[in-house]
There are 2 protein chains.
Amino acid sequence: MKFAKIPMATINRLSIYMRTLQDLLEEEMDVISSERLAKQCGVNPAQIRKDLAYFGEFGVRGVGYRVSDLINQIKEILGLNRNWNLAMVGLGNLGSAMIRHGNFIKHGYIFTSAFDVDPQKVGKRLPNGLIINHVDELEEIVKEREAHIGIIATPASAAQSVANQLVLGGINGILNFAPVQIQVPDCCHVENVDFTIKLDCIAYHLSSGG
Amino acid sequence: MKFAKIPMATINRLSIYMRTLQDLLEEEMDVISSERLAKQCGVNPAQIRKDLAYFGEFGVRGVGYRVSDLINQIKEILGLNRNWNLAMVGLGNLGSAMIRHGNFIKHGYIFTSAFDVDPQKVGKRLPNGLIINHVDELEEIVKEREAHIGIIATPASAAQSVANQLVLGGINGILNFAPVQIQVPDCCHVENVDFTIKLDCIAYHLSSGG
DNA sequence: CCCATAATGTGAATAATATCACATTGTTAA
DNA sequence: TTAACAATGTGATATTATTCACATTATGGG
Ligand SMILES: NC(=O)c1ccc[n+]([C@@H]2O[C@H](COP(=O)([O-])OP(=O)(O)OC[C@H]3O[C@@H](n4cnc5c(N)ncnc54)[C@H](O)[C@@H]3O)[C@@H](O)[C@H]2O)c1
Ligand SMILES: NC(=O)c1ccc[n+]([C@@H]2O[C@H](COP(=O)([O-])OP(=O)(O)OC[C@H]3O[C@@H](n4cnc5c(N)ncnc54)[C@H](O)[C@@H]3O)[C@@H](O)[C@H]2O)c1
C-alpha cells in the first residue's frame with residue numbers, strides 16, 4: 001500500500017484525526033475504535049481505516065487503535081516528528097495575530113523570521129522576541145535562519161512579489177492568506193487560506209434554504 | 001439546469017472566480033474567456049463553464065463573459081447582493097484581527113456584535129465602534145441586532161458552548177476557527193477554518209519529496 | 001483450548017467530480 | 001449575406017473519492 005498516490009483529502013483528514021487523538025490522550029483514553037473516532041471527527045469510519053491503510057496497518061483487530069501509538073504514526077506520516085521553521089511576511093492584523101498565537105509552537109512550528117515593508121514596523125521587537133526585518137533582506141535571512149515554510153500575510157498586491165522572494169530564498173512551502181492565486185515553480189507547494197470564501201459559502205447556504 | 005444538486009466545490013470556486021473578476025474589472029477588462037479566467041484562477045476552463053452551467057447561461061459564444069455582468073450573476077447565485085450581519089465571539093488575537101480587517105465590509109459582511117468572557121475586554125470599544133458584550137448576553141443581542149452568521153474565535157474548549165448559544169440566538173451559519181468539530185442541528189451550516197491543517201499539509205509535501 | 005465477540009483491513013460498488021471533445025451559436029469582416 | 005472564426009455549453013468519458021459489506025484476525029471468557 002505504501003506507494004499508491006495519496007489523495008489530498010486524506011492528508012487533510014490525517015491532520016484532523018491527529019488533533020482529535022491528542023484531545024483524547026489528554027482525557028486519558030488509551031484505545032479508540034474507528035467508529036468512535038469517526039463520530040468525533042465527523043467522518044465515516046471506513047474513511048478513517050482507508051486513509052490509514054495507505055500507509056500501513058496501525059490498528060488491532062477486535063480492539064481498535066492505541067491512541068498514543070496512532071498519534072506517533074500520523075506524525076511520522078505527515079512529517080511532524082521534527083520542527084519546521086516559519087518565515088512570516090506581513091506583520092499586519094493577521095500576521096501579528098498568528099505570531100502571538102501560542103499553538104503553533106506546540107505543534108512544532110517555530111517562527112524564526114518576520115518581514116514587513118513598513119518603516120514603522122521594521123526593527124520592532126515582537127512578543128515572541130523576534131525582530132521584524134525589512135522584506136528586502138528576506139532572501140538572505142530566510143536562508144540564514146533555515147526557514148522551511150513561508151507565510152504570506154501581506155495585501156494581495158504584494159503577494160506574488162513576496163512569493164518570488166521566498167522561492168529565491170529556497171523555500172518550498174508557502175501558506176498564502178492573500179486572496180490571489182500565486183504562481184510558483186513546481187518544486188514549491190502552496191496552500192491557500194481564504195476566510196472570505198468560507199463566508200461566501202455560508203451566505204450561499206443561508207440564501208438557498210440549505 | 002437550475003435544480004441539480006450543486007457540488008460544494010463549485011460554490012467555493014464561484015467565490016474565487018468572483019474575486020478574480022473583481023480584480024479584472026479594476027484593470028478595466030470588460031470581457032474574458034473561460035480559458036484566460038481559468039489560467040488566472042488555476043483551474044480547468046471546462047470547469048468554469050460547467051460550474052456556471054449549473055445556474056444558467058451567462059456567456060456569449062465566440063466572445064466570452066462580460067466581466068461586470070458575470071460578477072453580478074455570481075453575486076446573485078451566492079446570495080451576495082445584500083449585506084450579512086456577523087457576530088464575532090472571542091476577541092483574542094484572531095477575532096480582533098478580523099474586526100480590524102477592512103475587506104469584509106467591502107464584500108457586504110458587517111460586524112454588528114462582538115462577545116467575550118474576559119471582564120478586561122467586556123465593555124471595551126473596538127476600532128470599528130462596536131462595544132464588546134459579555135457572552136452571557138449573546139442570545140439576546142444576536143437576535144436584537146439580526147446577526148446572520150456567527151464567528152467562533154474562542155479557544156477550542158469554549159467552541160461547543162458558544163455554538164449552542166449561537167443556535168439558540170437563531171443563527172444558521174457559523175464560521176468556526178477553533179480546531180474542534182462542533183455539533184449543531186441540521187438547520188445550521190458550519191464552515192471550519194484551521195490553518196494548522198494547512199501547515200501540516202505543507203509539512204507532508206516537504207517531507208515526502210512532493 | 002476453543003468459541004463468541006468485536007473491530008480491523010480491503011475488494012467491490014457506488015457516488016462525486018473533473019476533463020475531453022465537439023456541436024452549437026454569436027460575432028465580425030469581406 | 002455569408003463564410004471564417006472563436007469560445008461557449010454540454011453529453012460522453014475518465015478520474016477520483018467515499019461508502020458498503022464482509023472476510024480476517026486479535027482478544028478474553030468459559
Ligand atoms: N485580517 C483578516 O481577518 C483577513 C481576512 C481575510 C483575508 N485576509 C488577507 O490576509 C492578508 C493580510 O491581512 P491583514 O488584515 O493582516 O492586512 P494588513 O494590511 O493589516 O497587513 C498587511 C501587512 O503587510 C505589510 N506589507 C505590505 N506590502 C508588503 C511587502 N511587499 N512585503 C512585506 N510586507 C508587506 C504591510 O506593511 C502590513 O503590515 C491580506 O491579503 C488580506 O486580504 C486577512
Ligand atoms: N490566532 C491564530 O493564529 C490561530 C491559528 C489557528 C487557530 N486558531 C484558533 O482560533 C481560536 C482563537 O485563537 P486566538 O489566537 O484568537 O486565541 P486567544 O486566546 O487570543 O483568544 C480567545 C478569546 O476568546 C475569549 N473566550 C474564551 N472563552 C470564551 C467564551 N466562552 N465566550 C466568549 N469568549 C471566550 C478569551 O477571553 C479570548 O479573548 C482558537 O481556537 C485557536 O485555536 C488561532
Donor-acceptor contact below 3.5 Å, side chain A:Ser96 vs main chain A:Leu91:
yes

Please determine, by modelled atom types, if A:Asn72 and A:Lys75 share a side-chain donor-acceptor pair under 3.5 angstrom.
no

Does A:Arg13 place a side-chain N or O at less than 4.0 Å from the phosphate oxygens OP1/OP2 of D:dA17?
no

Separation of C:dT24 P from B:Glu57 CD (nearest whole Å)
14 Å

Got a salt bridge between B:Glu35 and B:Lys39, using NZ or NE/NH1/NH2 to carboxylate O under 4.0 Å?
no

Set of side chain to side chain contact (heavy atoms under 4.5 Å, CB included) partners for A:Asn83, sequence neighbours left out:
A:Ile110

Using salt bridge (charged side-chain N to carboxylate O under 4.0 Å, His left out) as the criterion, list what pairs up with B:Arg145, not counting sequence neighbours.
none

Is there a donor-acceptor pair closer than 3.5 Å between any side-chain N or O of B:Tyr109 and the backbone N or O of A:Asp200?
yes

Length of the line joining B:Phe55:CZ and D:dT8:P, which is rounded to integer Å
18 Å

Residues two or more places apart in sequence or in another chain: which of them pass ring pair (Phe, Tyr, Trp, His ring centres under 6.0 Å) with B:His148?
B:Trp84

Answer with base, sugar-phosphate or nothing: what part of the nucleic acid does A:Arg36 contact at a heavy-atom distance below 4.0 Å?
nothing

C:dA6 P sits how many Å from A:Leu37 CG, rounded?
20 Å

Write down the distance between NZ (A:Lys5) and C1' (D:dT16), rounded to a whole number of angstrom.
8 Å

What is the separation between atom CD1 on A:Ile32 and atom P on C:dA6, rounded to the nearest whole Å?
17 Å

Between C:dT8 atom P and A:Leu70 atom CG, what is the distance in whole Å?
11 Å

Which value, rounded to the nearest 0.5 Å, describes the distance between B:Leu70 atom CG and B:Leu25 atom CG?
11.0 Å

Each nucleotide N or O in nucleotides 26-30 of chain D that has a protein N or O under 3.5 Å away: list the pair and distance.
none

With a 4.0 Å cutoff (strictly under), does any side-chain N or O of A:Ser34 reach OP1 or OP2 of C:dA7?
no

Could you list all the side-chain hydrogen bond (donor to acceptor under 3.5 Å, both in side chains) pairs where at least one residue sits in residues 174-184 of chain B, not counting sequence neighbours?
B:Asn176-B:Asn192

Check each residue of residues 39-52 of chain A for a non-hydrogen atom within less than 4.0 Å of any atom in DNA chain D, then write out the ones that pass by number, or none.
A:Asn44, A:Ala46, A:Gln47, A:Arg49, A:Lys50

Residue-phosphate contact under 4.0 Å: A:Tyr65 side-chain N/O, C:dA6 OP1/OP2
no

